[in-house]
Amino acid sequence: VQLQASGGGFVQPGGSLRLSCAASGITFSLYDMTWYRQAPGKERDLVASISSYGITNYADSVKGRFTISRDNAKNTVWLQMNSLKPEDTAVYYCNARRRSAYWGQGTQVTVSS
């Protein structure tokens, strides 16, 4: 099983980034997909999730700014991040969960002026 996260980078406050997570080795459509993030010295927190049925859930801190989506034909989940703030700076991880859970390697997002 491999979850390949990409799309992170450096962006100024107010900017946008789109993270991607490409999955292989699993029947992607059956898995709930979640983006987490971990800032230095802090715990890993849920950012957004999308179930195998397409039901989405967001942390309060990102509601209205971030959008999670998936394409089961492409085995990919995205996180569109708009109106980025310095407090969004973290390593972002994708997670696939059904009976087992799998993690990607993380992608760094830095929001700074």
Side-chain angles (χ1 to χ4, degrees):
V1 178
Q2 189 170 18
L3 300 176
Q4 186 68 42
S6 61
F10 184 96
V11 63
Q12 292 186 337
S16 297
L17 284 173
R18 190 191 195 203
L19 305 183
S20 299
C21 177
S24 60
I26 58 173
T27 305
F28 181 79
S29 62
L30 298 180
Y31 280 72
D32 297 335
M33 300 299 297
T34 304
W35 285 98
Y36 289 81
R37 66 186 180 188
Q38 187 168 20
K42 295 189 176 181
E43 294 184 352
R44 190 172 296 187
D45 293 325
L46 185 147
V47 177
S49 65
I50 184 166
S51 74
S52 60
Y53 298 101
I55 297 171
T56 59
N57 181 55
Y58 296 92
D60 287 343
S61 59
V62 307
K63 281 181 181 177
R65 300 188 298 123
F66 291 11
T67 303
I68 189 170
S69 60
R70 66 190 294 163
D71 185 333
N72 291 336
K74 296 182 178 179
N75 289 357
T76 300
V77 60
W78 295 276
L79 185 68
Q80 178 66 44
M81 306 186 295
N82 298 329
S83 303
L84 282 161
K85 304 176 181 180
E87 50 264 44
D88 295 318
T89 294
V91 178
Y92 284 70
Y93 298 89
C94 62
N95 171 279
R97 187 183 74 254
R98 193 186 177 202
R99 297 185 183 91
S100 299
Y102 303 99
W103 291 92
Q105 85 285 5
T107 184
Q108 176 71 47
V109 172
T110 303
V111 185
S112 176
S113 56

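For reference, positions follow the sequence shown, starting with 1. Side chains are part of it too, since the values below use all heavy atoms of this structure and drop only hydrogens, waters and symmetry mates.
- Between the side chains of Y92 and R37, at least one donor-acceptor pair of N or O atoms lies under 3.5 Å.
- Put simply, CH2 on W35 and CZ on F66 are 11.0 Å apart, with the number rounded to the nearest 0.5 Å.
- Distance CZ/R70 to CD1/I50: 6.0 Å, rounded to 0.5 Å.
- Separating the CG atom in L46 from the CG atom in N95 is a distance of 9.0 Å, to the nearest 0.5 Å.
- Between Y93 and L3, every side-chain heavy-atom pair lies at or beyond the 4.5 Å cut-off.
- Side-chain contact check for D71 versus W78: some heavy-atom pair is nearer than 4.5 Å.
- Between the CE atom in M33 and the OG1 atom in T56 there is a gap of 14.5 Å [rounded to 0.5 Å].
- Relative ring orientation between W103 and Y36 is described as tilted, the plane-to-plane angle lying within the 30° to 60° band.
- Residue Y58 comes nearest to K63 through the heavy atom pair O-CE, 3.4 Å, listed as atom of the first residue, atom of the second, then distance.
- Considering only heavy atoms from C-beta on, S52 stays 4.5 Å or farther from L30 through its side chain.
- Between A90 and A39 the shortest heavy-atom distance is CB-N, 3.8 Å.
- For the pair M81/V11, no side-chain contact is recorded, criterion being any heavy-atom separation below 4.5 Å from C-beta on.
- Remark: side-chain polar atoms of Q105 are paired, donor with acceptor, to backbone N or O of A5 under 3.5 angstrom.
- The two atoms that bring K42 and Q38 nearest to each other are O-NE2, 3.1 Å, heavy atoms only.
- Scanning all heavy atoms of the two residues, the minimum distance from Y31 to S100 falls at CE2-O, 4.0 Å.
- How far OG of S61 is from CD of E87: 8.5 Å, rounded to the nearest 0.5 Å.
- The nearest pair of heavy atoms linking L79 to A48 is CD1-CB, 4.0 Å.
- A donor-acceptor contact under 3.5 angstrom links the side chains of N82 and S16, judged on distance only.
- Rounded to the nearest 0.5 Å, atoms CG (N57) and CD1 (I68) are 9.5 Å apart.
- Surrounding CD of E43 are at most 12 heavy atoms belonging to other residues, nucleotides or ligands under 6.0 Å away.
- The heavy-atom pair separating V111 from D88 by the smallest distance is CG2-CB, 4.3 Å.
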Problem - Chi angles and distances behind the side chain to side chain contact (heavy atoms under 4.5 Å, CB included) call for T107, S6 - result: CA-CA 6 Å; T107 184; S6 61; 5.6 Å; no
